[in-house]
2 protein chains.
Amino acid sequence: MSGRGRLPSGQPTIADVARHAGVAVSTVSYVLSGKRAISEVTRNRVLASIRLLGYHPNAGARALASRRANVIALVLPLRTGIQVPVVMQFATAVVTSARRHDHDVLLLTSDEGPAGLRRIAAGALVDGVLVMDVELHDVRVPLLRELGRPSVLIGLPADPGGLTCVDLDFHRAGQVCVEHLASLGHRRVALLGAPPAVYDRGTGFAHRTRAGVLEAAVRHGVDAVALPCAENAAEVQRRVVELFAQQPGISGLVVQNEAAVGPVQTTLSALGRRVPHDVSVVAVCPDQFAEHASPRLTSVPVPAEEIGRQAVSLLMRKLRDEAVPERTLLPPRLTVRDSTAAAPAAAPGDGVAVAVAGEQVVAALDGAS
Amino acid sequence: MSGRGRLPSGQPTIADVARHAGVAVSTVSYVLSGKRAISEVTRNRVLASIRLLGYHPNAGARALASRRANVIALVLPLRTGIQVPVVMQFATAVVTSARRHDHDVLLLTSDEGPAGLRRIAAGALVDGVLVMDVELHDVRVPLLRELGRPSVLIGLPADPGGLTCVDLDFHRAGQVCVEHLASLGHRRVALLGAPPAVYDRGTGFAHRTRAGVLEAAVRHGVDAVALPCAENAAEVQRRVVELFAQQPGISGLVVQNEAAVGPVQTTLSALGRRVPHDVSVVAVCPDQFAEHASPRLTSVPVPAEEIGRQAVSLLMRKLRDEAVPERTLLPPRLTVRDSTAAAPAAAPGDGVAVAVAGEQVVAALDGAS
DNA sequence: GCCGAATGTCGAAGCGCTTCGACGACGGAT
DNA sequence: ATCCGTCGTCGAAGCGCTTCGACATTCGGC
């Protein structure tokens with residue numbers, strides 16, 4: 001018996017509360033869980049004792065007896081090519097939402113791999129799992145099916161059968177960007193995408209955006225090229241210079257690469273192309289980022305916070321054994337800011353001038369560094 | 001009795017393993033914990049059963065019986081003015097290190113405030129707490145003292161008495177930057193610091209870096225000014241233009257503001273000041289960031305990973321009731337890259353020329369956006 | 001060849017909580 | 001009055017694990 005008093009840790013137990021309030025242990029439990037009716041008088045007496053003693057239920061005991069840990073796991077990626085601020089925003093939203101549902105969040109990094117998931121799930125440390133940054137052919141997808149724990153994926157694997165997925169509708173996002181540019185009269189556009197490695201490993205959002213861009217381009221009679229792009233200033237610059245040298249008529253740019261946004265603007269201005277006068281730029285990036293750039297960028301943000309909230313809410317429903325849709329794709333929202341404008345009237349001479357400018361820039365920067 | 005077989009969840013229990021291996025439950029437990037000697041033969045038999053049945057100990061039961069959850073809490077900040085990538089790096093390092101010590105990590109955001117800490121600690125959900133981004137006068141500091149759970153702070157509060165803190169020695173970092181510039185012959189330098197709000201709320205690292213910069217400047221006979229700086233391109237540009245207009249002789253810049261690094265370089269080049277030929281730049285920022293800038297930046301990285309490792313290791317020692325030092329300050333490490341060089345010979349005319357250039361830039365950018 | 005100390009294993013007592021069945025007390029319908 | 005159905009509360013049985021003392025064995029020392 002934990003009879004007379006407090007734990008070694010100094011924490012009172014439910015038995016202490018019961019004794020202090022003059023009721024049975026089970027009554028205290030029911031006051032806390034609300035699973036049986038308790039008279040107003042008794043409830044108040046118990047609650048008073050709880051407050052007075054500073055009682056907090058022991059999580060382990062609760063989990064053991066109730067078979068629910070009230071904890072969910074969040075599996076975050078930590079590879080290159082991820083958008084760090086987006087991940088943070090997302091994690092934050094998940095923690096906040098989870099707390100609203102009276103759950104805590106256990107953080108896993110995907111470098112422990114499938115073994116980590118297995119350990120956590122089998123050990124009943126968590127009730128459910130949120131997996132972020134799911135690739136098209138992700139090893140964790142079959143594993144999750146096998147484990148049979150409630151789970152929600154952020155991202156869209158090639159075969160989501162039997163699982164639950166949430167994501168921004170990147171395909172639609174790509175379309176929206178192109179439609180915006182097309183409606184402004186642009187006829188040649190380019191997508192400056194994620195690093196090649198991201199495409200190579202089959203990351204859904206990159207592929208889907210590209211598909212959306214190209215599809216919308218065809219539909220609206222716009223010429224479009226899509227090129228991957230590493231995340232460093234020099235590479236971005238090379239890409240952009242090359243691009244305009246080869247396709248001087250390009251007047252619209254879709255940038256899906258956070259790290260590239262700054263260098264793109266720098267390079268364009270070095271090329272003598274002004275944003276948005278000569279070239280319009282649409283970015284797929286966080287709003288905060290778009291606001292801080294100059295000029296402020298027309299953008300399609302990844303609604304990390306909403307995705308996080310949705311994911312948690314879906315997971316909670318699964319924990320309550322409710323049926324949920326297999327896939328939830330959030331509609332993209334394009335915010336027009338100062339980086340897009342009507343396409344310039346086509347100037348035939350542009351090509352040559354730009355190519356020359358490009359070489360000057362490259363030369364200047366080579367000398368400087 | 002959990003007698004005949006498996007949990008409803010399908011997980012085997014320790015009793016199943018014991019039965020399968022033909023030993024007592026306690027023997028299985030001792031095989032797992034190694035707290036008593038078990039013969040080679042028995043151990044192997046038990047381990048084989050464990051593998052065969054796919055047994056994973058139930059975390060809740062273990063926590064209840066052993067009074068150790070094998071989980072630590074990580075309290076992350078989510079305010080403005082934090083260096084998001086650094087936080088991520090740090091979180092990653094903490095998770096990885098914790099796993100090496102057979103612990104998991106529960107993620108808390110500081111917006112649940114002290115209540116969250118209290119709940120977690122009192123409920124024995126975690127064995128110890130790691131608090132990141134501790135301010136000089138942080139409300140959580142007295143709370144942690146009161147809770148009496150093992151904890152480690154990242155950052156250095158004004159009064160760390162009785163607690164355990166780890167951080168980069170930012171004071172020394174400030175000095176190192178100035179010493180580097182001084183040794184290259186620079187005689188007028190400026191610190192472009194964190195946003196004003198960060199100083200205002202008493203964030204240790206900003207204050208300590210500034211102090212280090214100013215102190216080293218005095219000691220080496222260098223003129224130094226320190227100015228806070230918001231995290232958007234326009235503000236950075238204004239600051240830099242203003243700075244050189246007022247103090248044209250400045251030839252060294254210490255930048256402690258990740259978001260400012262890009263804009264600083266852009267602005268300098270717009271001002272006709274070349275890096276490092278005319279102005280040397282030292283950044284306090286992640287290595288990856290410094291490598292990707294062009295020119296590559298001489299920098300003092302915040303060793304997020306090492307801090308994370310250290311923090312976890314200290315916490316583990318505290319969990320084992322070992323004595324640990326009250327404060328651990330990691331020495332800064334300056335990596336020389338391409339953004340610093342010998343100071344230019346003083347040119348008396350500079351002042352005027354620069355002021356003019358500055359105005360041109362401002363005008364040009366106003367027009368563009 | 002006997003004794004004490006290791007060594008290896010077992011059984012049982014909890015850890016603090018939830019939950020289920022039981023059971024008075026009370027009130028309305030008969 | 002009597003019976004039944006609620007309502008409010010209680011006691012006890014676990015949840016799956018760790019840990020403590022006890023109990024055989026085995027072994028080295030003299």
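Everything quoted here is computed from the prediction, not taken from an experiment. Values below: every heavy atom of this structure, side chains too, minus hydrogens, waters and symmetry copies. Order of the sequence lines fixes the chain letters, A, B, ..., with proteins taken first and strands second; residue numbering starts at 1 for each chain.
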Restricting to salt bridge (charged side-chain N to carboxylate O under 4.0 Å, His left out), what partner residues turn up for A/Arg118, sequence neighbours left out? A/Glu146
Give the nucleotide from the list D/dC17, C/dT9, C/dA12 with an atom nearest to the side chain of B/Thr27. C/dT9
With a 4.0 Å limit, can you tell me whether A/Arg62 has a side-chain N or O closer than that to the phosphate oxygens OP1/OP2 of C/dT18? yes
For DNA chain C, which residues of residues 35-48 of chain A approach it to below 4.0 angstrom with any heavy atom? A/Lys35, A/Arg36
Can we say A/Arg327 and A/Asp167 salt-bridge, meaning some charged N sits less than 4.0 Å from an Asp/Glu carboxylate O? no
What's the NE2-C1' distance between B/His56 and D/dC17, to the nearest Å? 16 Å
For B/Val23, which contact category applies under a 4.0 Å heavy-atom criterion: base, sugar-phosphate, or nothing? sugar-phosphate
Quick one about B/Ser26 and B/Ser29 (side-chain donor to acceptor, distance below 3.5 Å, no hydrogens or angles considered), yes or no? no
Derivation of the salt bridge (charged side-chain N to carboxylate O under 4.0 Å, His left out) call for A/Asp133 and A/Arg140: CA-CA 11 Å; A/Asp133 201 36; A/Arg140 296 168 299 184; 5.9 Å; no
Please determine whether the number of non-hydrogen atoms from other residues, nucleotides or ligands lying under 6.0 Å from atom CZ of A/Arg68 exceeds 12. yes
Between atom CD1 in B/Ile14 and atom P in D/dC17, what is the gap in whole Å? 5 Å
Whole angstrom value for the distance that separates P of D/dG14 from CG of B/Asn58: 18 Å
Mind calculating the distance between CG (A/Asn70) and C1' (C/dT18) to the nearest angstrom? 13 Å
Residues which pass side-chain hydrogen bond (donor to acceptor under 3.5 Å, both in side chains) with A/His56, listed by chain and number, not counting sequence neighbours: none
What contact category does B/Ser26 fall into here, base, sugar-phosphate, or nothing, at under 4.0 angstrom with non-hydrogen atoms? base
Any carboxylate oxygen within less than 4.0 angstrom of a Lys/Arg side-chain nitrogen, looking at B/Lys318 and B/Glu322? no
Which of these nucleotides, C/dT18, C/dC15, D/dC17, is closest to any side-chain atom of B/Leu64? C/dC15
Report the distance from atom CD of B/Gln11 to atom C1' of D/dC15, rounded to the nearest whole Å. 15 Å
Nearest to the side chain of B/Ser29 - D/dT19, D/dT9, C/dC17? D/dT19
Determine whether any donor atom in the side chain of B/Tyr30 lies under 3.5 Å from an acceptor atom in the base of D/dC17, or the reverse, and answer yes or no. no
